[in-house]
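Let me begin by presenting the structure, written as structure tokens, before commenting on it.
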Amino acid sequence: MTKQGRVFSGARPTGRQHLGNYLGAIKNYVALQDNYECVYCIVDVHALTTMDTTLELKQNTYDMALDWLAAGIRPEESIVFIQSHVPQVMELHTYLSMVTPIGKLTDLPTFKDKVRENPNNVNYGLVGYPVLMAADILLYATDFVPVGVDQAPHLEFTREVVRSFNYRYGAPVLKEPQMKTTSIPKVLGIDGVQKMSKSLNNHIELASTAEETTQRVMQMVTDTARIRRSDPGNPDVCNVFSLHKIFSSQDEIDMINVECRRAGIGCVDCKKILAKNLNAHLEPFRSRRNELDQNPAYIWDTLADGAKRATVLAEETMTAVRDAIGLP
Ligand code: ADP
């Protein structure tokens, strides 16, 4: 089947992925492969903007790539690579920075958030983060970028950079990417309140064992108004139920929806069903992951091959860019 265009997405190397990463990003990455030519990048340079130490960078990159491949990203078809392996992105970043007013960068809500989070490390790289992100997208002549609402201003920024660059140098060399808005679910952590995140330690790791997964599920906070087993619960506000809707059968969902409300099923039993279904869902992922993990060289070779293919696309763009600028 002919593909409907090129998709680009990047994610920082955060190591072993969790259920939030899976439902919020990886699952969509896998699905997009059917209809698009996909370029998936582990953005290690972006990670440097907020990192105190790079000691775990290599391991985290490996673990993330392993999870991506085990989850169904097909590297023969899609380009999967590490950002710093295609240094042309740094070159494009510099050229794009010349058509980027600094105020636009400091006005972005994400920049303000980062400053709040890291008040003692507001570095130059952090300010330029969206420019590097634009370079990532534009270097590979991307048609579509899958974005959640929080990333929309960055993509709009990228589109403005394209217009400024093409206007400034009088040639349509950069392609304006389109937003591919996907309804990305916000997966809550086991605390049932905050977004699932490794840093909050409220996550369920995809690669953990069935026993560890069950243990995490059993720790999940349910409807806090339900105190005793005999109290009726409200699935509409229960995080366990929101995961049932993804991982359980329709019959089980219907049963829980009714029985929880009349205290016919308790939270412990409800969680046991979820743990069973979640483990069944993750089982093929885990066995594939274990298999891939036997051969780390395969992962690194795959990433190197991805970088090689990405470089071909990058050089095509850069040749046109250098020419349009009029570099001697
Ligand atoms: P990044 O800075 O690369 O977005 P994260 O690790 O925060 O790094 O997220 C990687 C991807 O996983 C992003 O697309 C993000 O939206 C998604 N993601 C992370 N946590 C969650 C969550 N709890 N619910 C939904 N999606 C999530």
Side-chain angles (χ1 to χ4, degrees), residues 8-18 20-21 24-26 28-29 40-61 63-64 82-84 86-87 89-139 142 145-162 164 177 179 181-182 184-189 191 193-203:
F8 175 92
S9 188
R12 284 175 301 132
T14 46
R16 288 166 163 240
Q17 300 290 281
H18 55 68
N21 299 131
I26 304 171
N28 190 33
Y29 282 10
Y40 295 135
C41 182
I42 299 178
V43 292
D44 55 341
V45 182
H46 279 293
L48 299 179
T49 53
T50 52
M51 258 182 171
D52 299 326
T53 163
T54 51
L55 284 176
E56 291 174 353
L57 190 55
K58 203 164 175 185
Q59 185 64 41
N60 282 344
T61 300
D63 283 333
M64 189 151 113
I82 299 172
Q83 186 185 28
S84 65
V86 186
V89 76
M90 264 77 89
E91 184 189 355
L92 184 57
H93 164 265
T94 303
Y95 300 150
L96 296 181
S97 73
M98 309 303 171
V99 295
T100 306
I102 194 110
K104 228 179 215 172
L105 295 170
T106 49
D107 278 351
L108 283 168
T110 40
F111 174 70
K112 291 178 181 160
D113 291 345
K114 289 265 162 63
V115 172
R116 252 194 307 275
E117 288 161 24
N118 307 281
N120 299 321
N121 186 18
V122 185
N123 58 65
Y124 176 56
L126 198 60
V127 183
Y129 195 111
V131 186
L132 185 57
M133 194 161 152
D136 283 319
I137 296 166
L138 303 175
L139 190 58
T142 301
V145 183
V147 284
V149 269
D150 54 334
Q151 289 292 326
H154 276 179
L155 194 67
E156 201 36 61
F157 169 83
T158 301
R159 290 159 57 85
E160 283 168 23
V161 168
V162 171
S164 305
M179 238 176 266
T181 328
T182 20
I184 293 170
K186 180 175 162 189
V187 181
L188 298 182
D191 52 37
V193 181
Q194 285 177 287
K195 193 173 153 174
M196 184 176 285
S197 144
K198 206 171 179 165
S199 55
L200 296 170
N201 192 21
N202 64 0
H203 59 303

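These values consider heavy atoms only, across backbone and side chains, with no hydrogens, waters or symmetry-generated copies. The first residue of the sequence shown is numbered 1, and numbering continues consecutively from there.
- Residues Ile82 and Pro13 form no side-chain contact, since every pair of their non-hydrogen atoms from C-beta on lies 4.5 Å or further apart.
- Taking CE of Met196 as the reference point, atom CG of Asn21 lies at 9.0 Å (rounded to 0.5 Å).
- The closest donor-acceptor contact from the side chain of Lys198 to the backbone of His203 lies at 3.5 Å or more, if one exists at all.
- Ring geometry for Tyr40 versus Tyr29: interplanar angle under 30°, hence parallel rather than tilted (30 to 60°).
- Taken from CG in Leu138 to CG in Leu96, the straight-line distance is 6.0 Å, to the nearest 0.5 Å.
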Show your working on side-chain hydrogen bond (donor to acceptor under 3.5 Å, both in side chains) between Thr110 and His154 and close with a plain yes or no. CA-CA 9 Å; Thr110 40; His154 276 179; 2.7 Å; yes
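- In this structure, the side-chain hydrogen bond (donor to acceptor under 3.5 Å, both in side chains) partners of Asn123, at least two apart in sequence or on a different chain, are Asn121.
- Val127 is listed as a side-chain neighbour of Phe111, based on a closest heavy-atom distance under 4.5 Å.
- For residues 96-108, every residue pair satisfying the side-chain hydrogen bond (donor to acceptor under 3.5 Å, both in side chains) rule, not counting sequence neighbours, is listed here: Lys104-Glu160.
- Considering only heavy atoms from C-beta on, Ser164 stays 4.5 Å or farther from Val161 through its side chain.
- In terms of the salt bridge (charged side-chain N to carboxylate O under 4.0 Å, His left out) criterion, Lys112 has no residue partners (sequence neighbours excluded).
- Of all the heavy atoms in Pro177 and Thr158, the pair that sits closest is CG-CG2, 4.0 Å.
- Residues Gln83 and Asp136 have side chains that bring a donor and an acceptor to within less than 3.5 angstrom of each other.
- For the atom pair SG of Cys41 and CE of Met133, the computed distance is 11.5 Å after rounding to the nearest 0.5 Å.
- Taking CD from Gln194 and CG from Asn202, the interatomic distance works out to 6.5 Å, rounded to the nearest 0.5 Å.
- Here Asn28 pairs with nothing under the side-chain hydrogen bond (donor to acceptor under 3.5 Å, both in side chains) rule; sequence neighbours left out.
- In this structure, Asn118 and Val122 approach most closely via the heavy-atom pair O-CG2, 3.7 Å.
- The two residues Val43 and Gly10 have their closest heavy-atom pair at CG1-CA, 4.1 Å.
- Counting only residues at least two apart or in different chains, side-chain hydrogen bond (donor to acceptor under 3.5 Å, both in side chains) contacts with residues 50-61 comprise Gln59-Asp63.
- Inter-residue side-chain proximity for Asp113 and Glu117 is flagged as met; some heavy-atom pair is nearer than 4.5 Å.
- Applying the salt bridge (charged side-chain N to carboxylate O under 4.0 Å, His left out) criterion to Arg159, with sequence neighbours excluded, gives Glu156, Glu176.
- His46 NE2 to Met51 CE: the interatomic distance, rounded to the nearest 0.5 Å, is 13.0 Å.
- The CG atom of Leu108 sits 6.5 Å away from the CZ atom of Phe157 when rounded to the nearest 0.5 Å.
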